[in-house]
K.L.:
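Pasting in a structure now, in structure tokens, and then I'll have a few things to ask.
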Protein chains: 2
Amino acid sequence: MSVRMTRQREVVAAVLEAVDGFHSAQELYEMLLADGERIGLATVYRTLQLFAENNMVDVMRNADGEAIYRSCISAGEHHHHLMCRTCGKTIEIDGPTVEAWALQVGAQHGFTEIEHTIELYGTCTACQRG
Amino acid sequence: MSVRMTRQREVVAAVLEAVDGFHSAQELYEMLLADGERIGLATVYRTLQLFAENNMVDVMRNADGEAIYRSCISAGEHHHHLMCRTCGKTIEIDGPTVEAWALQVGAQHGFTEIEHTIELYGTCTACQRG
DNA sequence: CCTGAGTTTGACAATCATTCTCAATTCCGG
DNA sequence: CCGGAATTGAGAATGATTGTCAAACTCAGG
């Protein structure tokens with residue numbers, strides 16, 4: 001029942017801190033192996049899920065529907081992302097506007113416990129040249 | 001290069017029209033078989049992708065990252081969804097507010113060609129009882 | 001109503017992400 | 001330091017999706 005701190009969980013947290021942007025479980029697993037860590041793929045998956053449940057990481061899905069993770073910058077705070085479709089650069093954004101809009105639309109249709117996923121994609125300044 | 005009309009494409013379009021809500025390629029495939037249609041699973045996948053590219057169907061991803069499809073009610077129009085997390089009932093919504101917000105946020109960060117995905121989840125009136 | 005070139009199909013293999021299994025190992029409160 | 005609960009890991013299993021390629025089909029032209 002209680003959650004334990006293990007070497008594996010520490011190193012997963014560590015890579016997440018060390019790298020920028022979003023990465024899949026597979027990618028993170030490979031990075032760990034490259035760093036010489038001994039850890040199983042299943043453990044990486046389980047750990048990421050655990051972190052996600054505790055809002056310790058950001059989760060989103062790439063265009064292929066794969067889960068990608070990133071250490072949460074505004075830990076625990078709800079926010080969204082603006083990602084460059086060319087270089088993958090990601091900016092964290094928050095939007096009182098949309099939050100309010102989401103709640104309102106939900107309420108209008110009699111829905112409660114509204115949650116939402118909002119992701120923006122575009123081409124960043126750097127990638128517009130070239 | 002040219003797109004042909006085939007029996008298979010017709011029946012896929014037909015089930016999409018016949019059923020409500022979003023369904024995975026697998027589900028649609030099974031419905032077709034149940035209807036006595038002769039069609040291959042790969043064909044269902046290919047057909048759905050084709051339809052999606054032509055904006056003839058709505059695509060979204062469920063919580064597991066699987067692609068789910070629905071015949072496009074407001075054909076070709078850009079819109080979003082409000083889905084009941086219990087019964088899967090889905091309502092189509094549009095939001096000038098968020099559209100504008102998305103563009104503005106993108107521009108603020110120097111991003112162009114902004115696209116976005118927005119999905120709302122909640123509990124519908126019916127599912128709140130019980 | 002034929003025909004041929006180009007499309008599309010389907011059975012099945014192949015990928016690939018993710019989850020499951022379960023014995024062996026590791027944590028940690030007492 | 002101990003014991004039981006939590007966690008791990010190797011590999012199998014699952015399941016969605018895509019690739020392969022010969023056979024079947026469509027349709028514009030004759």
Side-chain angles (χ1 to χ4, degrees), chain A residues 1-16 19 21-54 56-70 83 88 117 119, chain B residues 1-16 19 21-54 56-70 83 88 117 119:
Chain A
M1 195 80 280
S2 61
V3 174
R4 293 181 184 167
M5 183 49 58
T6 65
R7 174 178 52 81
Q8 289 88 338
R9 287 179 182 169
E10 275 173 8
V11 297
V12 169
V15 258
L16 278 168
V19 299
F22 284 85
H23 299 275
S24 67
Q26 304 273 351
E27 285 172 350
L28 294 166
Y29 170 62
E30 279 161 24
M31 290 178 201
L32 287 168
L33 290 191
D35 286 353
E37 297 293 343
R38 286 176 296 99
I39 190 171
L41 177 57
T43 302
V44 174
Y45 272 98
R46 281 184 297 234
T47 302
L48 288 170
Q49 282 170 192
L50 178 69
F51 287 177
E53 283 163 15
N54 291 67
M56 295 166 64
V57 299
D58 257 354
V59 195
M60 68 180 273
R61 298 214 170 245
N62 66 17
D64 293 330
E66 296 165 21
I68 51 182
Y69 304 83
R70 189 181 67 165
M83 178 185 271
T117 66
E119 308 294 351
Chain B
M1 197 81 273
S2 62
V3 175
R4 293 183 183 166
M5 183 49 58
T6 65
R7 173 177 52 80
Q8 289 87 339
R9 287 178 181 169
E10 275 172 8
V11 297
V12 169
V15 259
L16 278 168
V19 299
F22 284 84
H23 299 275
S24 67
Q26 304 274 350
E27 285 171 351
L28 293 166
Y29 171 63
E30 279 160 24
M31 291 178 199
L32 287 168
L33 290 191
D35 286 353
E37 296 293 345
R38 287 176 296 98
I39 189 171
L41 177 56
T43 302
V44 174
Y45 272 97
R46 282 185 297 234
T47 302
L48 288 170
Q49 282 169 191
L50 178 69
F51 286 176
E53 282 163 16
N54 290 68
M56 295 167 65
V57 298
D58 257 353
V59 195
M60 67 181 275
R61 301 221 169 236
N62 66 17
D64 293 330
E66 295 164 22
I68 51 183
Y69 304 84
R70 188 181 68 165
M83 178 186 271
T117 66
E119 308 295 350

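Just so it is clear: chains get the letters A, B, ... in the order the sequence lines come, proteins before strands, and each one is counted from 1.
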K.L.:
To the nearest 0.5 Å, what is the distance between CE (A:Met31) and CD (A:Glu37)?
P.N.:
13.5 Å

K.L.:
With a non-hydrogen cut-off below 4.0 angstrom, is A:Gln26 in contact with a base, only sugar-phosphate, or nothing?
P.N.:
base

K.L.:
Determine the stems involving DNA chain D; a stem requires 3 or more consecutive pairs of the Watson-Crick or G-U wobble kind, each with both distances below 3.5 Å, and the answer is none if no such run exists.
P.N.:
C:1-30 with D:1-30

K.L.:
From CG of B:Leu32 over to C1' of C:dG10, roughly how many Å is that when rounded to an integer?
P.N.:
14 Å

K.L.:
If I take atom CG in residue A:Leu33 and atom C1' in nucleotide D:dA10, what distance separates them, rounded to the nearest angstrom?
P.N.:
13 Å

K.L.:
Got a sec? Which of residues 43-52 of chain B come in under 4.0 Å of DNA chain D, heavy atoms?
P.N.:
B:Tyr45, B:Arg46, B:Gln49

K.L.:
Mapping B:Ile68 and A:Arg38 to their closest nucleotides on DNA chain D, which lands nearer the 5' end?
P.N.:
A:Arg38

K.L.:
Got a sec, which residues hit side-chain hydrogen bond (donor to acceptor under 3.5 Å, both in side chains) with B:Glu30, two or more places apart in sequence or on another chain?
P.N.:
none

K.L.:
Mind listing the side-chain donor-acceptor pairs of residues 41-53 of chain A below 3.5 Å, one per line with the distance, residues two or more places apart or on another chain?
P.N.:
| unit_1 | atom_1 | unit_2 | atom_2 | d |
| --- | --- | --- | --- | --- |
| A:Thr43 | OG1 | A:Arg46 | NH2 | 3.3 |
| A:Tyr45 | OH | A:Gln26 | NE2 | 2.9 |
| A:Thr47 | OG1 | A:Thr43 | O | 2.7 |

K.L.:
Which whole-number value in Å describes the distance from B:Glu27 CD to D:dA16 C1'?
P.N.:
12 Å

K.L.:
Select base, sugar-phosphate, or nothing to describe what A:Leu41 touches, counting heavy atoms under 4.0 Å on all strands.
P.N.:
base

K.L.:
Reading nucleotides 23-30 of chain C from the 5' end, what letters show protein touch, with B for base, S for backbone sugar-phosphate only, - for no heavy atom under 4.0 Å?
P.N.:
---BBS--

K.L.:
Return the value, rounded to whole Å, for the distance between atom CZ of A:Arg61 and atom P of C:dC16.
P.N.:
18 Å

K.L.:
Starting at CD1 of B:Ile39, measure out to OG1 of B:Thr6 and round the result to the nearest 0.5 Å.
P.N.:
7.5 Å

K.L.:
Do B:Arg7 side-chain atoms and B:Arg38 backbone N/O form a donor-acceptor pair below 3.5 Å?
P.N.:
yes

K.L.:
Can you check side-chain contact (heavy atoms from CB on, under 4.5 Å) on A:Leu32 and A:Val11, steps first, answer last?
P.N.:
CA-CA 8 Å; A:Leu32 287 168; A:Val11 297; 4.0 Å; yes

K.L.:
Roughly how many Å is it from OH in B:Tyr29 to P in D:dG15, rounded to a whole number?
P.N.:
16 Å

K.L.:
To the nearest Å, give me how far apart CG (B:Asn62) and C1' (D:dA16) are.
P.N.:
11 Å

K.L.:
Between D:dT7, D:dT17, C:dA17, spot the one nearest the side chain of A:Arg9, thanks.
P.N.:
D:dT7

K.L.:
With a 3.5 Å distance limit and no angle check, can you tell me whether B:Asn62 reaches the backbone of B:Asp64 through a side-chain donor-acceptor pair?
P.N.:
yes

K.L.:
Can you tell me how far CZ of A:Arg9 sits from CZ of A:Arg4, rounded to the nearest 0.5 angstrom?
P.N.:
9.5 Å

K.L.:
For A:Glu66 and C:dT19, what is the distance between atoms CD and C1' respectively, to the nearest whole Å?
P.N.:
15 Å

K.L.:
Can you name the residues that form a ring pair (Phe, Tyr, Trp, His ring centres under 6.0 Å) with B:Phe22, not counting sequence neighbours?
P.N.:
B:His81

K.L.:
Check A:Ile68 against A:Ser24 and note the closest heavy-atom contact, atom names and distance.
P.N.:
CG2-N, 3.9 Å

K.L.:
Mind calculating the distance between CG (B:Asp64) and P (C:dT18) to the nearest angstrom?
P.N.:
11 Å

